[in-house]
Amino acid sequence: MQINTEELRRQFDERLAEIKSSTEIDSLRVDFLGKKGKISALMAELKNVAAEQKKEVGQMINDLKQSIEKTITEKAEELVRLEEQKKIDSVEAYDATLPTSLDLGSYHPITLIQREVQDIFTSMGFIVENYSEVVDDYHCFEALNIPKHHPARDMQDTYYLDNGQLLKTHTSAAQNYIMRKYGAPVRAIFPGRCFRNESTDACHENTFFQLEGIMIDEDISISNLIYFMKTMLSEVFKQDITVRLRPGFFPFVEPGFELDISCTICGGKGCPSCKNSGWLELCPCGMIHPNVLKAGGIDTEKYTGFAFGLGLTRLAMMKYGIKDIRMLNSGNLKALSQFSDK
Ligand code: PHE
């Protein structure tokens with residue numbers, strides 16, 4: 001039995017010359033290279049070839065197959081390129097002025113408020129730092145003057161990991177890292193996601209955001225702290241904000257405060273949002289405890305500093321009038337997208 005690969009090649013070249021589109025090349029591929037295609041048929045004939053010629057004929061069929069494969073791939077690429085170019089060239093295919101039908105999504109309210117606060121602080125010379133969500137006990141507690149078994153640990157019901165690390169309960173966990181990294185003087189803010197084992201309701205979440213800030217320099221006092229907080233809050237709320245400090249206990253600040261702002265809804269007269277007190281609790285803060293500065297390698301004879309832990313989640317709720325904190329982690333895009341103009 002004779003096998004004529006040249007005849008098949010001729011047939012192939014003839015068909016190829018007529019092909020004008022990528023769809024046509026696909027059917028050519030099937031006709032020649034498909035399971036029931038001409039090459040397979042030729043292969044099947046091989047059994048009828050005299051034994052001493054089998055090797056040589058088999059090799060010829062294989063060479064033909066490879067050459068056809070190569071030609072088809074190249075031709076297909078060329079056709080696709082030409083078809084794309086044709087689409088680009090035809091005016092109606094792409095009109096940049098048409099409104100897009102793509103849903104581009106929107107920024108999460110926490111992202112919006114975080115960026116706004118970051119912009120304000122960077123304009124006042126603060127750097128923005130990032131810190132991990134998984135931290136060790138030293139950074140989250142010990143370096144912050146909270147030794148093991150200190151009752152202050154009970155205020156932050158902590159998620160511990162099997163490897164001894166933990167999910168950071170507050171952004172203060174980055175203080176030591178930043179002091180060690182930059183030394184004094186330093187002005188830094190560091191936003192972050194925090195975790196505490198809280199049972200959730202409209203006001204409580206186990207996952208929330210804070211934005212911490214520290215400023216360490218010579219002669220830093222509480223009045224610097226009040227100035228920066230007032231400036232930032234007045235910018236965020238686009239109105240003059242009155243603040244007040246109440247004593248508050250945190251082992252890593254001395255003295256420590258709770259910073260309240262006059263209720264942005266009633267202007268301080270008293271309303272349901274501020275439980276008729278005229279004040280909203282927003283930001284624990286204080287002068288950094290000397291033990292914390294020392295742990296960060298800062299010379300306490302020369303430098304003092306303040307720290308604040310702004311509740312970013314709470315600030316977002318206040319600014320956007322969000323009544324239920326659970327909405328923020330809900331993934332409800334309809335609710336979450338209404339604050340962003342993007
Ligand atoms: N880290 C504290 C908390 O989350 C808040 C705080 C920060 C207090 C900085 C004082 C200074 O409870």
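All ligand and atom numbering here is 1-based and tracks the order in the structure. Quick note: numbers below take in every heavy atom, side chains included, and nothing from hydrogens, waters or symmetry partners.
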Give every pair made of an N or O atom of ligand 1 and a protein N or O atom lying under 3.5 Å apart, one pair per line with both atom names and the distance to 0.1 Å, or write 'none'.
| unit_1 | atom_1 | unit_2 | atom_2 | d |
| --- | --- | --- | --- | --- |
| ligand 1 | 1 (N) | H170 | ND1 | 2.9 |
| ligand 1 | 1 (N) | S172 | OG | 2.8 |
| ligand 1 | 4 (O) | R196 | NH2 | 2.9 |
| ligand 1 | 4 (O) | Q210 | NE2 | 2.9 |

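Checked against side chain to side chain contact (heavy atoms under 4.5 Å, CB included), L46 has the following partners two or more places apart in sequence or in another chain: V49, V57, I61. Residues that satisfy the side chain to side chain contact (heavy atoms under 4.5 Å, CB included) test with Q59, not counting sequence neighbours, are D63.
More than 12 non-hydrogen atoms from other residues, nucleotides or ligands lie less than 6.0 angstrom from CG of D154.
Applying the side chain to side chain donor-acceptor pair (under 3.5 Å) test to every pair with at least one member in residues 256-267, sequence neighbours left out, gives these pairs: R244-D260, R246-D260.
Checked options I178, I220, L293; the residue passing with I214 is I178 (criterion: side chain to side chain contact (heavy atoms under 4.5 Å, CB included)).
Closest of all the heavy-atom pairs between S21 and E83 is CA-OE2, 3.5 Å.
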